[in-house]
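Letters A, B, ... mirror the listed sequences (proteins, then strands); counts begin at 1. The figures that follow rest on heavy atoms only: side chains count, while hydrogens, waters and symmetry mates do not.
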There are 2 protein chains.
Amino acid sequence: MDFLQDLGKVALGSRLRRLGEVFAVDAARLYEMYGVDIHPKWFPVFYLLSRQGECSITTMSKSIGCSHPVVSQVVKEMAKAGLIKTGKSSEDARVNVVKLSTAGKALIPNMEVQVQDVFEAMDVLLRQMRHDFWEALEEMESLLGERSFLERVVERRKLRESRQVEIVEYSDEYHEDFKRLNYEWIRHHFKVEREDYEILEDPHGKILEPGGAILLALYENAVVGTCALLKKDSKTFELVKMTVSTGMRGRSIGWKLGCAALEKARSLGAAKAVVESNTKLKPAISLYRKLGFERGTAQHSPYERCNIQMEINL
Amino acid sequence: MDFLQDLGKVALGSRLRRLGEVFAVDAARLYEMYGVDIHPKWFPVFYLLSRQGECSITTMSKSIGCSHPVVSQVVKEMAKAGLIKTGKSSEDARVNVVKLSTAGKALIPNMEVQVQDVFEAMDVLLRQMRHDFWEALEEMESLLGERSFLERVVERRKLRESRQVEIVEYSDEYHEDFKRLNYEWIRHHFKVEREDYEILEDPHGKILEPGGAILLALYENAVVGTCALLKKDSKTFELVKMTVSTGMRGRSIGWKLGCAALEKARSLGAAKAVVESNTKLKPAISLYRKLGFERGTAQHSPYERCNIQMEINL
DNA sequence: TATATATATGTAGCCAACTACGTAACTTAA
DNA sequence: TTAAGTTACGTAGTTGGCTACATATATATA
């Protein structure tokens, strides 16, 4: 058992299942003890029928919350044991109407006594606890209902990965990646324009030498995002070539790149930064807004694809 | 789902298991997502080996807390998948020393990242809760460790049954039951003596007519216990023929009979009641003590089997 | 030393859940 | 009214756990 201890909270699932098993084992003994001579797995069906009178297979599987083959199987077994009578419905020949036989009904009183005792024992047990186990269980179920555990883990993963993302300055070794990522996203959404080609093929001549900058996001030594600052005039830079590789989106890499770029612009003496985009690109617009950009006065853009201009005072 | 609602706390077991399942399903997706290309059920073995280096089958089954065939099976499957190397121990040719292969070890980094993320997600989830689910779980486990759920239900049952036990005065219709129960217990522990025979065959002449009384415990209209008051003198009664049927012990029936008998003695004007027994009969002695009897001065008893005399002032 | 018992493992088979798929019956739309 | 889709149910096969039993080896005891 040191193992569960060791794994601790990671093994909560197994732990819950195991605790459930403990109850199940005891339950099996109880049926015997109370003279309710049924297989434990029959109980849900039996109980349901004792309450509802008659049910179809599907109705039962839905209210019990298990697959219909299980119910079908159980009904077959119980019929063989003489506890159940089945028959076709007169209204819909597909449905199998199931009800308790006389022998089955004869078990009801014992079963009710058993349920009563089990209920009381559980009630006493729960009231004896310092923690409200029942409420805690409900809360856990409801939280997992809002967002599954899987989603929660994925979120942690993205967080961890984003922490491992590093922003670095451009150097020639990144030229291929810089081109690849940008051509990819442009081709995916629009088409490559003359301006794109010129910049991507000659980042040195078109961005760096005129006094701009290029930043790259690295994750595990691979380039997963790019962003550049184009110098417009002594006090103004334009944010361009901002992209994050498809597999790494949702990890705040755009945010990191954006922050780093604005920081860089400030250090280069900028008073204002602008960015052009397309209203189709919702996530991009929303990122720029989060970074502090606001819708600016529309100006002539060299790109066909741009229909919105945003700016920020630094 | 109305079913679980309806059954409420009675179905706690299923509910726990189901919640455990939810985690298990998500876990299965996670292995894939993290590139830990293993069957979910392999995880415990894999994790253990990644920590311990090498283990035997039994060691693993013990620390994981599952049966050894499962481990044996998993090891076979993992070996087939090339993740594990096995070999006989040099010290003990029975033990199968299991360790990760190079391919298996290659998965460790991914697995560790996964465990880390899962741990954090769980930690966040638990800290987000108003109730302390983790503590509640521990408390529940510890309570069930002290006394199993089965025992708790049995206790409720006894309580319920004892509430249904009724104490009535003797009448001739009970003669057979009175005799049967008493002969049974005497024969079981000792042997029937002349005195027993006389009283049991003629309760009217030996008990009632001299001014004594007989009380019976009824459960579902069946006699499940007896007790009589023998008049010794105007102020003293002796408690005799106190017995409870074997199947109904542990339901405080003796206590009920005893209380009723003392009450009856008082109403008959007694100032003192005595009882004779044998020190071998621990439960009987302890019952008398609980009723208020204290060890009295030993007197001559007509029964061979008696070696202790107790009395109480009413 | 011979024998009895304990231990480590593997094999076979059971069990209760599941999914996948086929069939029959009903419902809807052309 | 016919075709297409939906629903109810059963069957078959999978899975992950279990227990029971068989086998080989170790250890303890007469």
Nearest-Å distance, [atom1] ([X]) to [atom2] ([N])?
X: A:Ile38; N: C:dC15; atom1: CD1; atom2: P; result: 17 Å
X: A:Met78; N: C:dA16; atom1: CE; atom2: P; result: 14 Å
X: B:Glu21; N: C:dA16; atom1: CD; atom2: P; result: 16 Å
X: B:Glu77; N: D:dG16; atom1: CD; atom2: P; result: 8 Å
X: A:Lys88; N: C:dA25; atom1: NZ; atom2: C1'; result: 9 Å
X: B:Lys76; N: C:dT9; atom1: NZ; atom2: C1'; result: 12 Å
X: A:Lys80; N: D:dG10; atom1: NZ; atom2: C1'; result: 16 Å
X: B:Gln73; N: D:dC18; atom1: CD; atom2: C1'; result: 12 Å

Review point. Using purine N1 to pyrimidine N3 plus N6-O4 or O6-N4 for Watson-Crick, or N1-O2 and O6-N3 for G-U wobble, each under 3.5 Å, what pairs with C:dA12?
Key: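 For C:dA12, the partner nucleotide comes out as D:dT19, under the 3.5 Å rule.
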
Practice item. Could you tell me whether B:Ser67 contacts a base, only the sugar-phosphate backbone, or nothing, with contacts defined as non-hydrogen atoms closer than 4.0 Å? Key: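 Base: the residue B:Ser67, judged by heavy atoms under 4.0 Å, touches a nucleobase.
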
Check: residues 110-122 of chain B side-chain donor-acceptor pairs under 3.5 Å, at least two apart:
unit_1	atom_1	unit_2	atom_2	d
B:Asn110	ND2	B:Tyr34	O	3.4
B:Gln116	NE2	B:Glu120	OE2	3.0
B:Asp117	OD1	A:Arg160	NE	2.7
B:Asp117	OD2	A:Arg160	NE	3.2
B:Asp117	OD2	A:Arg160	NH2	2.6
B:Asp117	OD2	B:Tyr34	OH	2.6

Of the nucleotides [options], which one has an atom closest to the side chain of [X]?
X: B:Ile57; options: D:dA8, C:dT9, C:dA17; value: C:dT9
X: A:Lys41; options: D:dT11, D:dA8, C:dA16; value: C:dA16
X: B:Val70; options: C:dA8, D:dG17, C:dC18; value: D:dG17

Check your understanding: Does the side-chain contact (heavy atoms from CB on, under 4.5 Å) test come out yes or no for B:Val10 and A:Tyr47, once each step is laid out?
Key -> CA-CA 12 Å; B:Val10 174; A:Tyr47 182 77; over 6 Å; no

Counting only side-chain nitrogens and oxygens, does [X] get under 4.0 Å of the OP1 or OP2 atom of [N]?
X: A:Asn96; N: D:dA8; answer: no
X: B:Ser72; N: C:dT11; answer: no
X: A:Thr58; N: D:dT7; answer: no

Practice item. Find the distance between CG (A:Leu49) and CG (A:Leu83) and round it off to the nearest 0.5 Å. Key: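 Here the rounded value is 10.5 Å.
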
Answer yes or no: is there a donor N or O on one side and an acceptor on the other, between the side chain of [X] and the main chain of [Y], under 3.5 Å?
X: A:Arg29; Y: A:Ala27; result: no
X: A:Arg152; Y: A:Arg147; result: yes
X: B:Ser101; Y: B:Gly82; result: yes

Practice item. Could you note down all residue pairs passing ring-ring contact (aromatic ring centres under 6.0 Å, His included) where residues 125-161 of chain A supplies at least one of them, sequence neighbours left out? Key: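 Applying ring-ring contact (aromatic ring centres under 6.0 Å, His included) to every pair that reaches into residues 125-161 of chain A, excluding sequence neighbours, yields A:Phe149-B:Phe23.
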
Pairs under 3.5 Å (N/O, protein and nucleotides 20-26 of chain D):
unit_1	atom_1	unit_2	atom_2	d
D:dT25	O2	B:Arg94	NH1	3.4
D:dA26	OP1	B:Ala93	N	3.0

Point to revise | Residue whose closest nucleotide on DNA chain D lies nearer the 5' end, A:Arg17 versus A:Val71 | key: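 Per heavy-atom nearest nucleotide, the more 5' residue is A:Val71.
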
**Study point:** First of A:Val74 and A:Ser90 reached from the 5' end of DNA chain C, by closest nucleotide
**Key:**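 Looking at the nearest nucleotide for each, A:Val74 comes out on the 5' side.
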
Review point. Charged N to carboxylate O under 4.0 angstrom, A:Lys85 versus A:Glu54?
Key: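 Looking at A:Glu54 together with A:Lys85, the answer is no, because their closest N to O distance does not fall below 4.0 Å.
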
